[in-house]
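Reckoned from all heavy atoms, side chains included, excluding hydrogens, waters and symmetry mates. Chain A is the first sequence line, chain B the second, and so forth, proteins listed ahead of strands; every chain is numbered from 1.
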Amino acid sequence: MERSFKKEVAQLRLGEGEIFSGEGILAVTKALLQSGVSYIGGYQGAPVSHLLDVMVDSSELLDELGVHLETPTNEAAAAAMLAASINYPMRGAVTWKSVVGTNVASDALSNLSSAGVIGGAMIVIGEDYGEGASIIQERSHAFAMKSSMCLLDPRPNLTSIVDTVEKGFELSEASNMPVMLQLRIRACHISGRFAARDNRPPLISRNQLLSEPDFNIDRFCLPPSTYLQEKHKIEYRLPAAERFVTENKLNEVFDGDLSDIGIITLGGLYNGVVRALERVGLSDIYGASRVPIYVMNVAYPVVPKELEEFCLGKKSVLVVEEGYPDYIEQAVHVALRKADVQTRVLGKQVLPKVGEYTADVVLGGVEKFLELEASGNLTASLPSSAITHSNALKARAAELLGTPIPPRPPSFCTGCPERPVFSAMKIVEKELGPTHIAADVGCHTFSALPPFNLGNTMVGYGLGLASSAGVGPNFGKRVISIMGDGGFWHNGISSGVASANFNKHDSILVIMKNGYSSATGWQFLPSSKGNRFGGETGMSIENALKGLGIKWVRTVRTYNVSKMAKTLRQAVTETKKGLKVIIADGECQLARQRRLRPLLKKRLDSGRRVIRTRFGIDDDLCTGDHSCIRMSGCPSLTIKPNPDPLRTDPVAHVNNECVGCGLCGEVAHAAALCPSFYRAEIVQNPNIWDRLLDSWRQALIGALQGLVRA
Amino acid sequence: MSEPLVRPITVLIAAMGGEGGGVLTDWVVKAAEHAGLLVQSTSIPGVAQRTGATTYYVEIFPIPISELDGREPVFALYPSAGDVDLMIASELLEAGRAIQNGYVSPDRTVLIASTHRVYTIGERSDMADGRLDEGPVRRAAQELSRRALLSDFKRAADKAGSVMNAVLLGALAATSVLPMVKQDSFVAAIRAGGKAIASNLTGFEAGFQLAMSAKGQEVPTQSLVRPKVSSRVERLINEVKDDPVPVREIIEHGVRRLESYQDLSYARLYLTRVSRVRAVDTTHDKSLTQEAARQLALRMAYEDVVRVAQLKTARERMDRVRAEIKAVPGEPVRVTEFLKPGIEEICSLLPGAIARPLLRWAENRNLTEKLHIGLALKTSSVTGFLAMWLLARLRPIRRLGYRFREEQLMIDAWLHQVCVGAQRAPELAREIISCARLIKGYGETHRRGYKNYERIQETLIAPALDGDMPFGDAADAIEKAVAAALDNPDGSALGDVLLGTADASKPAVAHAAE
């Protein structure tokens, strides 16, 4: 890890009554320590990476408390950690990005929840749904239902979130169920404050060791225990959970005078509902709503009795839940039907079935609900429709703008070591024709976007190579798979490489070795140069491949496009069959810059010689075709108005963010593009020799230039 | 709910990943906290942190915590269309996106936007000019905002030696949309950040002043310095003094360009060629002549190794490089050029009798694209510069070379078609002229462009001039074909368009034959 979270770490030490001020996900981190967890683990991924990052930097505090921190290589391993709470009364928490992480972890989660826990077990999931999400759009809700885990969805303010974490552990222990705490992207990143409580050193910990193993076949997932466990889940645990939820008022009712209607919302969507009501004049800014609201901070299990009580006497209610299927709406229907309560239930018929419930979406749904269900007197008294106003504004904007604003998709960073690999692929594709490319999860997935448009499928993390197993043998050319070093250690080493070799695949695998789990914030990997303990990992991709019996392995520095293209060509045309692995070696440029910049600054400030390298383009030689951009897409390789009065097309231009990675020159060379590129090395703090050499050169070159047309 | 309606003040910040939008948001949050106010920010960094477009949303409650008696407002996590008090956009297109999404409204929103452009990948990778028209965005910004502060904050930041988010914070502080947050709270927020405090404060001050004086005018891009030219060139230019000013300016540039490219007589040839078009140009403003003169100058100054060497060894060049890469006076700069001359480039300087068989041989063996010499030449060193300088001295023998003749033949053929077209219909001539846009660049780019040009010439221009196609249709078809040729590099779009027009024109042709 290259970043430091010193400030955040200090906040984790706050005691009773002190004010914590920071991000949502950090509040969860503090709440875990306040809950007395014995162990914490997880796999990095937005929006929950910070939880682990900060913990990694808090080793001193964790040592004091005796809390064990684990950074496993995937979510399945993280979930399996929770097994500690099956036998022993110790609390533990793990975290990952969901739904994908939950998918990976689901085997362990099923077994864990079958066995049940006696120590509180919490899974903090960052629900990566809606704008800003990087994954397939699904709800994690079903996992809680199918495995009988509790699903918490607190109101998005720090106090509610922290209280829910603490209560969540109690709920887990009261019901023997593992508990999932769901936080949406924006909730993970909200800033706010809450009054802290003291951290609780766990009763069982690295400082208070267990001495006796607990043997109990009832807690072991093997028939016949599994049948008993299933029965226990349904007959004991779920009712216990429901009881706890009601007794502790985990769900909240906000009463209002318009008692013939009501809104049932998940906790995470509560703020949006209140703002919508406020905009139509039915709530004040503090949440005093005239429409009664039932807030489900516990999304699963639902408590039928509470639903029944809330709906009794109401003509109709609106259910606000994001995504599909509409589990809550269905549950409300079932609960009311069984209790023979005749309240009308509206949900996805006035709100969209899919997509994020943004402010305007909720506002539109609430207005529609009121229009349909509220009494005529009420609707007449409401101010003019806010959603009509908002739509008119957007229509006017569209009219004025004429054409839609073009999208700005994410891309490889300036100087990214992965970009040259795709430049090389483009070059080889041009020569040898296109082939199927099985992409993987990581920054390299951006290859599927302009300007490269490379990648035919993407079915999951570390699964690039595995996903070529069906298409490869049925394709007329050798297919190419991509995998990052993150994906390799996550599962690709087994599901990809071992499996491909086991099945005698004849295909090409490109492993992007940038040294970190870069897309998630530069966490260390087994093949990173260092580890979080300040030492070396002692593992490498090359050794692993050797151990797996892969014969054809080439390591190529990514920036050497010609060599990369040559190696790819070799891999494509090689007559011998078998898996060919190219390790594309280049450190994540962001991490590299983060590491180098302070060092360079120090050197410069102390007057020592530093060579700054960057690229440039001669305007008068650039013809404005922009082939170079189509081969690279580097953010620092852009365009500018043509200074030539005879030309109109903009010229290519290298801006000052250039880090001099060298790709421009390589691409110009490898693709025989254009002579307008130059590399400039600026000698900062030059020594005497530099100065002498330079003035001598200047003099001679000046003389030559003077010879012509004086 | 009897007290006056107090609502949170809403601030939406649109930025691109890696631009420091998060830091700006933190400063706003810290400033509000410093002023004793409740505040909440949210963001969706996600994958957008890799240069994509993203937003940060802040709500600030204007009543100080001390007067709230423990009550807390329910902050929203999403901005609402028509419900944003302050919109900050770190770039013009992102301002446009915010406007499109309804986050700028005439009754509420103060818009602070930097007018500089960070081009999208679509705009950048266009084969000609794919830049978005800025006019509508600027007009919409003015019309749809309560007040718009549009200025090049990037330039202001560069000038202040600071970063843009600090300058934007200064502008924000000056707009008084957040009246309860005083300037010292913003300053305190920057100080609390603990990083690059001095330069951030300078940037803050620059932004504050910029917004206070609300000048925000943009400095026009620097005008070009006219190169010194010999009196003989002046005399040549004098010959066209009767043309309208815009035409004359283009021709003047053309004459200078070609004199330095080859020699005076080449410049004279240029004038002769221009006069052929002028003679048949019936437009009142001589716009055909103007456009033909522009394209002709570019075609005649085609790119070859000698041209590259000339420009790379030009006296002004090193100053331009130093300015571009921001080298401080006294810092030696080493420059490496990336050249990859191929068999085509070498042959272009050889006489046709040698060049033609050589090129044929290479093409038969599929070697045209393979026979390249990759050179990394240090033009800052004496030997490297000398090599380049000597190459530039080959200018006189360019005339003897194979390519020179080929180019002149092609130019004359094109010009002939332009002139014939002008006699038929000016709009047809205009489109024939514009086809010259396709022929540019080096190596593969040049080959591709030329091939596209030939396809259009054969399928559309020649039939049109032969009267096999109505002029208006032909002009439209050529325009479409040129756009298609510039649409994608593999030429498939052009193929589709040509196929379409060929089919469409068939009945017309048959009809004409009847």
Please state whether the side chain, the backbone, both or neither of [X] comes within less than 4.5 Å of a heavy atom of chain A.
X         : answer
Val118(B) : both
Leu77(B)  : both
Leu298(B) : side chain
Glu143(B) : side chain
Leu132(B) : side chain
Asn101(B) : backbone
Gln100(B) : both
Phe61(B)  : side chain

Asn642(A) side chain to Thr648(A) side chain, donor-acceptor N/O pair below 3.5 angstrom =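 No, no side-chain donor-acceptor contact under 3.5 Å.
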
Kindly say whether the aromatic ring centers of Tyr57(B) and Phe75(B) come within a distance under 6.0 Å.
->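 No, the ring centres sit 6.0 Å or more apart.
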
Would you call Arg7(B) and Asp284(A) a salt bridge, taking side-chain N to carboxylate O under 4.0 Å as the test?
->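 Asp284(A) and Arg7(B): not salt-bridged.
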
Test: Glu131(A) and Arg184(A) ion pair at under 4.0 Å |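 Arg184(A) and Glu131(A): not salt-bridged.
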
